[in-house]
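To keep things clear, I will list the structure first and then write my remarks on it.
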Amino acid sequence: MTSWTAVLAVVLAYAIGSLSFAVLVSRLMGLADPRTYGSGNPGATNVLRSGSKAAAALTLLLDAAKGWLPVWGVARWGAAWGLGEGVVAAVGLAAFLGHLFPVFFRFRGGKGVATAAGVLLALQPWLGLLVIGTWIAVALTTRYSSLAAIVAAVAAPLLYGLLDGTLWDARGPLGFTVAAMTLLLLWRHAGNIQRLLAGQESRIGQRKGAASPPGPRH
């Protein structure tokens, strides 16, 4: 029974993660499909390039919620079904993978920043808040969403290990999920890293297809 409930929890988490809210919100609000402009990424930052801040904010909240909800639900009620910490961690990773490779959208998903934040908030709220704070600080300073995501992704496993025994007690399964999401986030941002190094990355709020001019050469 426990094995079947664990599999069901993971599959449901993946299905929830597969809801591409960038596409769904854009359709609902009469906007262009975010996969057809800008970076082509179905995420809140690209939806912002449509000019609708409301659509971008709603996408951000819903993408985070779909990472938070499955993890919180299993952590809250899973014990009664024999679901332990390992299943909680697996559910978080499944929701994140659903966003990256959504079964309902031909496996063409986003980069997973907001969904990863939601997963972290549910796995360990203090870690989630610290990582989100890191993202905000870098984004406000540089106005590069991608750079903020990269720095926050790298910070997540470092903070999880460094603050072990203070704000939380680090656990192996949760640490694996945090590390796996970091590696996948860096992989999904490989193109952004190249554009950042070339000075061609778009800044937050730039319109469709726009990019920052290359910086000075040294």
Side-chain angles (χ1 to χ4, degrees), residues 17 20-23 25-26 29 31-64 66-67 96-102 105-120 128-159 178-218:
S20 184
F21 285 112
V23 177
V25 169
S26 293
M29 300 183 69
L31 303 173
D33 190 321
R35 296 170 295 182
T36 64
Y37 61 80
S39 65
N41 177 58
T45 301
N46 202 40
V47 172
L48 184 60
R49 294 190 178 103
S50 71
S52 175
K53 294 181 180 179
L58 186 56
T59 298
L60 179 68
L61 290 173
L62 290 173
D63 277 350
K66 74 182 184 182
F96 178 72
L97 289 172
H99 181 82
L100 267 57
F101 309 105
F105 294 86
R106 300 182 180 179
F107 303 100
R108 183 182 175 186
K111 295 180 179 177
V113 178
T115 303
V119 171
L120 290 179
L129 290 173
L130 287 172
V131 171
I132 291 171
T134 300
W135 187 96
I136 292 173
V138 177
L140 289 177
T141 302
T142 67
R143 292 189 61 241
Y144 285 116
S145 176
S146 58
L147 180 60
I150 292 164
V151 173
V154 172
L158 294 178
L159 289 170
V178 173
M181 290 195 301
T182 291
L183 292 175
L184 287 166
L185 282 166
L186 292 176
W187 170 62
R188 295 291 276 193
H189 283 82
N192 301 91
I193 293 172
Q194 293 177 354
R195 289 190 293 274
L196 283 166
L197 293 174
Q200 299 173 344
E201 180 71 323
S202 298
R203 294 181 185 267
I204 295 172
Q206 283 189 304
R207 299 302 294 271
K208 302 177 185 180
S212 301
R217 297 181 179 272
H218 298 286

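The first residue in the sequence is number 1, and the count goes up from there. Heavy-atom basis, side chains included; hydrogens, waters and symmetry copies ignored.
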Minimum-distance pair of heavy atoms, taken over all atoms of [X] and [Y]:
X: Ala152; Y: Thr134; answer: CA-CG2, 4.0 Å
X: Leu185; Y: Gly112; answer: CD2-C, 3.9 Å
X: Ser39; Y: Arg49; answer: OG-NH1, 3.6 Å
X: Glu201; Y: Tyr144; answer: O-CE2, 3.4 Å
X: Leu31; Y: Ala55; answer: CD1-CB, 3.5 Å
X: Phe101; Y: Phe107; answer: O-CD2, 3.5 Å

Expected output: side-chain [X] to main-chain [Y] donor-acceptor under 3.5 Å:
X: Thr115; Y: Asp63; value: yes
X: Arg108; Y: Arg35; value: yes
X: Ser26; Y: Val23; value: no
X: Thr182; Y: Val154; value: no
X: Arg188; Y: Gly110; value: yes
X: Asn46; Y: Tyr37; value: yes
X: Asn41; Y: Lys111; value: yes

- side-chain contact (heavy atoms from CB on, under 4.5 Å) partner of His189, chosen from Leu184, Leu196, Ile150: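 Among Leu184, Leu196, Ile150, the one that satisfies the side-chain contact (heavy atoms from CB on, under 4.5 Å) with His189 is Ile150.
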Roughly how far, to the nearest 0.5 Å, is [atom2] of [Y] from [atom1] of [X]?
X: Ile132; Y: Leu120; atom1: CD1; atom2: CG; result: 8.0 Å
X: Leu147; Y: Thr142; atom1: CG; atom2: OG1; result: 4.5 Å
X: Ser20; Y: His99; atom1: OG; atom2: NE2; result: 6.5 Å
X: Ile136; Y: Thr141; atom1: CD1; atom2: OG1; result: 11.0 Å
X: Asp33; Y: Ser50; atom1: CG; atom2: OG; result: 11.5 Å

- Query: Any side-chain heavy-atom pair from Leu100 and Phe96 closer than 4.5 angstrom?
  - Reply: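 In contact.
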- Do Ser145 and Trp135 have side chains that get closer than 4.5 Å, going by heavy atoms?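 Of all side-chain heavy-atom pairs linking Trp135 with Ser145, at least one is under 4.5 Å.
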